[in-house]
Amino acid sequence: MGAAVIIAVDGPAAAGKGTLARRLAAAYALPYMDTGLLYRAVGRRVLDAGADPRDAALALQAAQALTPADLDRPDLRGPIADMAASAVAAMPAVRAALLDFQRRFGRAQGAVMDGRDIGTVIFPDATAKLFVTASPSVRAARRHRELEGRGIAADYAQVLAEIRDRDAQDANRPVAPLKPADDALLLDTSALDADAAFSAAMALLAPRLNAG
Ligand code: DC
């Protein structure tokens, strides 16, 4: 019996990873995990304690106490949750605490997992790795539309500034920085809608997934 099929989908915020990864999971009949929710839930727990998300001791405690129910919380998105997640995600101890959880999930039945370091750290031997990007302005426009769709008033310039801040924080951290794995397949979705991105991803993945 071969190893579980793992498809790693990494890339920056609002590049279209979540939508794409969900569709790939359905197409290949694999479980899906949005690993950003783990960091979001840890950040949320620290905020709930009335503390600064940069408090490393509390963040580690929160990561160790995380339960699957935390991932279903309705308050894991929005600018404050975004920055809290990005802050706790920069902490090596928090990342280490969440590593086994992610590996166990993937190894159980295979998986499509989206995040920042799935192909570089969590599953360096993944069956296939996609690195999904789009220009900051396209990603900000998408995030802006998504917020407005949810009835949240948002200022485009501010959304763009937050995307740039988060990119910098995620790419410049010393531990598991956001970068493509050497063997990742690159997919730029700047000029692609969700359907076109899915078709392009399926075409990129086919040689790796049908090879045996
Ligand atoms: O994908 P997202 O926007 O939900 O991720 C939230 C934050 O968590 C983001 O700042 C990057 C971080 N993250 C990470 O460091 N590693 C992952 N595998 C997933 C997310």
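Just follow the structure's listing: the first ligand is 1, and inside any ligand the first atom is 1. Side chains included, hydrogens not; waters and symmetry mates left out as well; all remaining heavy atoms used.
Within a 6.0 Å radius of CD1 in Ile80, no more than 12 heavy atoms belonging to other residues, nucleotides or ligands are found.
The side-chain heavy atoms of Val112 and Tyr28, taken from C-beta on, include no pair separated by under 4.5 Å.
Of the candidates Arg44, Arg40, Arg77, Asp82 forms a salt bridge (Lys or Arg N to Asp or Glu O under 4.0 Å) with just one, namely Arg40. Applying side-chain contact (heavy atoms from CB on, under 4.5 Å) to Asp10 and the options Leu130, Ile118, Thr133 leaves one that passes, Ile118.
Considering only non-hydrogen protein atoms, atom 12 (C) of ligand 1 sits nearest to Ala89 CB, 3.6 Å. Ranking protein heavy atoms by distance to atom 7 (C) of ligand 1, first place goes to Ala85 CB, 3.7 Å. With respect to atom 19 (C) of ligand 1, the closest heavy atom belonging to the protein is Thr35 OG1, 3.4 Å. The protein atom (non-hydrogen) at minimum distance from atom 8 (O) of ligand 1 is Tyr39 CB, 3.6 Å. Looking only at protein heavy atoms, the nearest one to atom 4 (O) of ligand 1 is Arg40 NE, 2.6 Å. Nearest non-hydrogen protein atom to atom 1 (O) of ligand 1 is Arg116 NH1, 2.8 Å.
Of the listed residues (Val175, Leu37, Leu38, Asp170), the one carrying the non-hydrogen atom nearest atom 11 (C) of ligand 1 is Asp170.
The two residues Leu192 and Arg142 make their nearest non-hydrogen contact at O-NH2, 3.4 Å.
Annotation: Asp117 places an N or O atom under 3.5 Å from an N or O atom of ligand 1; distance criterion only. Looking at ligand 1, you won't find any N or O of Asp34 less than 3.5 Å from one of its N or O atoms.
Contact analysis puts Arg95 in contact with ligand 1, with a non-hydrogen atom separation below 4.0 angstrom.
Counting heavy atoms under 4.0 Å from ligand 1, residue Gln169 does not touch it at all.
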